[in-house]
S.K.: 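Dumping the structure here so I can ask a few things about it.
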Amino acid sequence: NAGVIQTPRHKVTGKGQEATLWCEPISGHSAVFWYRQTIVQGLEFLTYFRNQAPIDDSGMPKERFSAQMPNQSHSTLKIQSTQPQDSAVYLCASSLDRDRGREQYFGPGTRLTVL
Amino acid sequence: GDSVTQTEGQVTVSESKSLIINCTYSTTSIAYPNLFWYVRYPGEGLQLLLKVITAGQKGSSRGFEATYNKETTSFHLQKASVQESDSAVYYCALGAGSALGRLHFGAGTQLIVIP
């Protein structure tokens, strides 16, 4: 089991450019989560899919951020017109979901730097 | 809303001494939350250390223990004798609400074990 895979591991963009982050959940896991980590805000929830359907996007910034899960093997987080304040480590996690313990397995993260 | 508080940003302990990392939580959910401790070792991703989903129960792993106390809304992490290899950042997390999907994380506590 390769665990949760995130690509790229590092991404540098210029202000105003678009960034797309990829996540491949653990095979068989039905829930996928996106979080963002910064020194100031810590670990923040962004959005959550269950069986590819969006369940909770209450943590997503209203503008420029979008997430999709077109099939059970990958999810994407897209940030349009990136700004310096978007610089963070973006973490993807997956879980079996039917387990009441809701244990989430995290990927290594994508470090996004917006210049 | 739901939140998790870790009061210590950094804890320094000598090897073989005991450790306690404090965690308290707050939730508006009428259902008891699930509680977790995650750990990030240097150069590695976030991984689950232990979890407890029933109030009054204790979880344990790698010599660490934490008891879910619903009266004091606490989930402190303890270890009787730390090792240098325990040096890492520890995060307390809460899963609450009807969806039990998203996790709310504390700010994290960096443990430094002095040999």
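The sequence lines fix the lettering, A, B, ..., with proteins before strands; numbering per chain opens at 1.
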S.K.: Does A:Leu91 share a hydrophobic cluster with A:Val114, counting links as ILVMFWY side-chain heavy atoms below 4.5 Å and allowing steps through other members?
M.R.: no
S.K.: Is the CD atom of A:Gln72 crowded by more than 12 outside heavy atoms at less than 6.0 Å?
M.R.: no
S.K.: What is the distance from atom NE2 of B:His104 to atom CG of A:Leu43, rounded to the nearest 0.5 Å?
M.R.: 12.5 Å
S.K.: Verify the neighbour count for atom CG of A:Leu115: are there more than 12 heavy atoms of other residues, nucleotides or ligands below 6.0 Å?
M.R.: yes
S.K.: What heavy-atom pair brings B:Leu103 and A:Phe45 nearest, and what distance separates the two atoms?
M.R.: O-CB, 4.3 Å
S.K.: Which residues, numbered in order, of residues 40-48 of chain B come under 4.5 angstrom of chain A by heavy-atom distance?
M.R.: B:Arg40, B:Leu46, B:Leu48
S.K.: Starting from A:Phe106, can I reach A:Leu77 by hopping between I/L/V/M/F/W/Y residues whose side chains sit under 4.5 Å apart?
M.R.: no
S.K.: What part of A:Leu46 lies closer than 4.5 angstrom to a heavy atom of chain B: side chain, backbone, both or neither?
M.R.: neither
S.K.: Check whether A:Val89 and B:Phe105 end up in the same hydrophobic cluster, where Ile, Leu, Val, Met, Phe, Trp and Tyr are linked by side-chain heavy atoms less than 4.5 Å apart.
M.R.: yes
S.K.: Indicate the atoms forming the closest heavy-atom contact of B:Tyr38 with A:Gln104, along with that distance.
M.R.: OH-O, 2.9 Å
S.K.: Should B:Leu77 and B:Val39 be counted in the same cluster of Ile, Leu, Val, Met, Phe, Trp and Tyr side chains packed under 4.5 Å apart?
M.R.: yes
S.K.: If you count the non-hydrogen atoms of other residues, nucleotides and ligands that lie under 6.0 Å from CZ in A:Arg111, is the total more than 12?
M.R.: no
S.K.: If you group Ile, Leu, Val, Met, Phe, Trp and Tyr by side-chain heavy-atom gaps below 4.5 Å, do A:Val4 and A:Trp22 land in one group?
M.R.: no
S.K.: Would you mind checking which part of A:Gln37 comes under 4.5 Å of any heavy atom in chain B, side chain (CB onward), backbone (N, CA, C, O), both or neither?
M.R.: side chain
